[in-house]
Number of protein chains: 2
Amino acid sequence: MERKRSDHIADALESLILDGTFANGERLDEQQLAQRFDVSRTPLREALQRLALSGLVEQIPRRGVFVRQPGPVELMEMFEVMAELEAVCARLAARRISDEALEELHATNERCNAAVKAREADAYFRENERFHAILYQQSGNSFLENECQRLHKRLHPFRRMQLRARGRLRQSMAEHEAIVAALEDGDADRAADALRAHVAVQGEKFHNLLSSLKIDAA
Amino acid sequence: MERKRSDHIADALESLILDGTFANGERLDEQQLAQRFDVSRTPLREALQRLALSGLVEQIPRRGVFVRQPGPVELMEMFEVMAELEAVCARLAARRISDEALEELHATNERCNAAVKAREADAYFRENERFHAILYQQSGNSFLENECQRLHKRLHPFRRMQLRARGRLRQSMAEHEAIVAALEDGDADRAADALRAHVAVQGEKFHNLLSSLKIDAA
DNA sequence: GTCAAGTTTCTTGTATACAAGAATTTCAAT
DNA sequence: ATTGAAATTCTTGTATACAAGAAACTTGAC
């Protein structure tokens, strides 16, 4: 299963957009980028098209493609949908989850906690991602799993930002524990509510963070 | 806002796949299709890539692209997710829906009913689509609205098939009425449950239909 | 006749060339 | 100096040409 050049370019561009190398309304010049990646315009255009379809970039016919960072409103909307999708995962998983998966959720939380204490941000994020990935998978609905991963990936950079809020890490861990507890009890509604709240609060924290930044800037 | 050739080709190919002109595992030959649409391979490849990203087609590197109709399991999964997403729409819409929109839902249902009585299938489908589109929109979350429309579009041909089940049309109309009633009462949970059931039953009907077809074939 | 290695042909992936529409600049008129 | 139209330049969209990998076919050994 070998990948082609345009795939790698798409990934690279995605990273560059998500980490803010390209500013928001900025136009992405095909020729420049082609030179930068040492490739012709053909695979580059394929990569740009992929980004356009995944929403990171807007393609205006005969004008070019422009970086399109979601604004505060759209972000809140995305977090809202993410919260609901994860709640559905939890509801389904509460019935279907295996003992092994529960064990793994516990283990992941352990490692997550250890990372919090050791102040290892990267390790924390890795385990956090794993926690959610397991939940998606345990929904038993692979279409849902894919949709969740898609949206999760898109929200990734903002999730990271939101976690800088004071005391959020410890609170987030507590929420994880509560979610696992509900799953262990097989309580679908409680698990769903816990997960919905867990994700929704991320959106809110992020929103607060944005507001404070705006005040600072003003 | 002019579109480009590859957009039209993508639409055309999409129709051809959805209406079954191309069989399931069939390989789509770039050269043949290019001739067929009287265009070079470049825009055609763009169109194919779009279809691949939207899931209608699978692209295997250096091998070609193949039609990929979802199997029964995946379809059920998709209907399950659709049901949940629409339930979220209903829950949000129950609080935010405007009087005008409620009025329009009623009107749409009227026209839908008329179409049922007149046995006008096309009109029925048009109004049915409109009903759901209004709900998506009235969620007040445009990201959610887009996601719903995306999935709705993808399920469109299967929805149509499912409605052939005996008595389903009339039952479906009754469900629509119940949904509007819940929205008028501002009862979020009832609206969500009604819409979830309304969509979920479509998946089940479809599943039944598939099973009976398989028995017939055997 | 079957199987395998080598060769040919075909298809996809990439590069380049060309066409057409958009942006920018130039230049004239007021 | 400003405005507006013509022309030039630049960028995107499409066509064609080339490269590389996969499938199909040929040929030879057993």
Side-chain angles (χ1 to χ4, degrees), chain A residues 1-18 20-70 150, chain B residues 1-18 20-70 150:
Chain A
M1 178 72 167
E2 202 165 325
R3 301 171 75 217
K4 38 186 178 170
R5 229 175 287 227
S6 59
D7 293 339
H8 291 281
I9 296 174
D11 290 346
L13 281 176
E14 189 176 315
S15 301
L16 288 174
I17 291 173
L18 291 182
T21 304
F22 296 117
N24 188 12
E26 187 172 347
R27 171 168 150 273
L28 297 180
D29 189 278
E30 292 183 2
Q31 296 193 70
Q32 273 178 246
L33 291 174
Q35 284 191 352
R36 176 169 183 164
F37 288 107
D38 195 37
V39 82
S40 88
R41 273 178 55 220
T42 311
L44 196 121
R45 276 174 63 85
E46 284 194 13
L48 286 180
Q49 210 195 344
R50 275 185 40 178
L51 297 187
L53 290 173
S54 75
L56 269 83
V57 116
E58 189 177 10
Q59 192 171 26
I60 303 176
R62 306 239 169 235
R63 305 292 288 281
V65 310
F66 301 83
V67 178
R68 188 185 163 294
Q69 300 282 17
R150 214 170 45 90
Chain B
M1 179 71 166
E2 203 165 322
R3 300 171 76 217
K4 39 185 178 170
R5 226 173 285 225
S6 59
D7 292 340
H8 290 281
I9 296 173
D11 289 347
L13 281 176
E14 188 175 315
S15 302
L16 288 173
I17 290 173
L18 291 182
T21 303
F22 296 117
N24 188 10
E26 188 172 345
R27 172 168 150 273
L28 297 181
D29 190 277
E30 292 183 2
Q31 295 193 72
Q32 273 178 245
L33 291 174
Q35 283 190 353
R36 177 168 183 165
F37 288 107
D38 195 39
V39 82
S40 88
R41 274 178 54 222
T42 311
L44 195 120
R45 277 174 62 84
E46 283 193 13
L48 286 179
Q49 212 194 343
R50 273 184 43 177
L51 297 187
L53 290 173
S54 75
L56 269 84
V57 115
E58 189 177 10
Q59 191 172 27
I60 302 176
R62 306 235 168 240
R63 306 292 287 282
V65 311
F66 302 83
V67 178
R68 189 186 162 291
Q69 299 283 16
R150 215 169 45 90

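Values reported hereafter were calculated over all heavy atoms of this structure, with side chains retained and with hydrogens, waters and symmetry mates removed. As the structure is a prediction and not an experimental result, all values here were calculated from the model. Lettering of chains follows the sequences in order, A, B, ..., and the numbering in each one begins at 1.
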Just how far is it from atom CZ of B:Phe22 to atom CG of B:Leu33, taken to the nearest 0.5 Å? 5.5 Å
Sugar-phosphate, base or nothing in reach of B:Arg5, heavy atoms under 4.0 Å: sugar-phosphate
Whole angstrom value for the distance that separates P of D:dT14 from CG of B:Leu48: 14 Å
Rounded to whole Å, how long is the line connecting atom CZ of B:Arg41 with atom P of D:dA15? 12 Å
Go through B:Ile9 and B:Arg36 one step at a time and tell me if the side chain to side chain contact (heavy atoms under 4.5 Å, CB included) criterion holds. CA-CA 10 Å; B:Ile9 296 173; B:Arg36 177 168 183 165; over 6 Å; no
Whole-Å gap separating P (C:dA15) and CG (A:Asp38): 8 Å
Could you state the CD-P distance from B:Gln35 to D:dA15, rounded to the nearest angstrom? 13 Å
Please confirm whether the backbone N or O of A:Gln59 pairs with a side-chain atom of A:Gln49, one donor and one acceptor, at under 3.5 Å? no
What is the nucleic acid contact for B:Arg63, judged by heavy atoms within less than 4.0 Å: base, sugar-phosphate only, or nothing? sugar-phosphate
Round to the nearest Å and state the distance from A:Leu44 atom CG to D:dG13 atom C1'. 14 Å
Where the side chain of B:Val39 is defined as all heavy atoms beyond and including C-beta, which of D:dA15, D:dT12, C:dT12 is the nearest nucleotide? D:dA15
Mind calculating the distance between CG (B:Leu28) and C1' (C:dG13) to the nearest angstrom? 17 Å
Atom pair distance, as rounded to whole Å: CG in B:Asp29 and C1' in D:dA22: 14 Å
Any chance you could measure A:Arg5, atom CZ, to A:Leu44, atom CG, to the nearest 0.5 Å? 12.0 Å
Of the listed nucleotides D:dG21, C:dT14, D:dT12, the one nearest the side chain of A:Arg27: D:dT12
Separation between CG (B:Leu28) and CG (B:Leu13), nearest 0.5 Å, reads 7.0 Å
Pair B:Glu46 + A:Arg45: basic N to acidic O under 4.0 Å: yes
Per A:Gln59 side chain, nearest of listed nucleotides C:dA15, D:dT16, D:dG13: D:dG13
With heavy atoms under 4.0 Å as the rule, sort A:Glu30 into base, sugar-phosphate or nothing. sugar-phosphate
Does D:dC10 have OP1 or OP2 sitting under 4.0 Å from an N or O in the side chain of A:Gln31? no
As a check of understanding: the bend across the helix from C:dG1-D:dC30 to C:dT30-D:dA1, end axes from five pairs, rounded to 10 degrees, works out to 0°
Nearest whole angstrom, please: distance from the P of D:dG13 to the CD of B:Gln49. 14 Å
Quick note, B:Ser40 side chain, CB onward, closest among C:dA17, C:dT14, D:dA15 is D:dA15
Candidate nucleotides C:dT14, D:dG13, D:dT14, ranked by approach to the side chain of A:Pro43 - the nearest: C:dT14
A:Asp11 side, atom CG; A:Leu16 side, atom CG - distance, nearest 0.5 Å: 11.0 Å
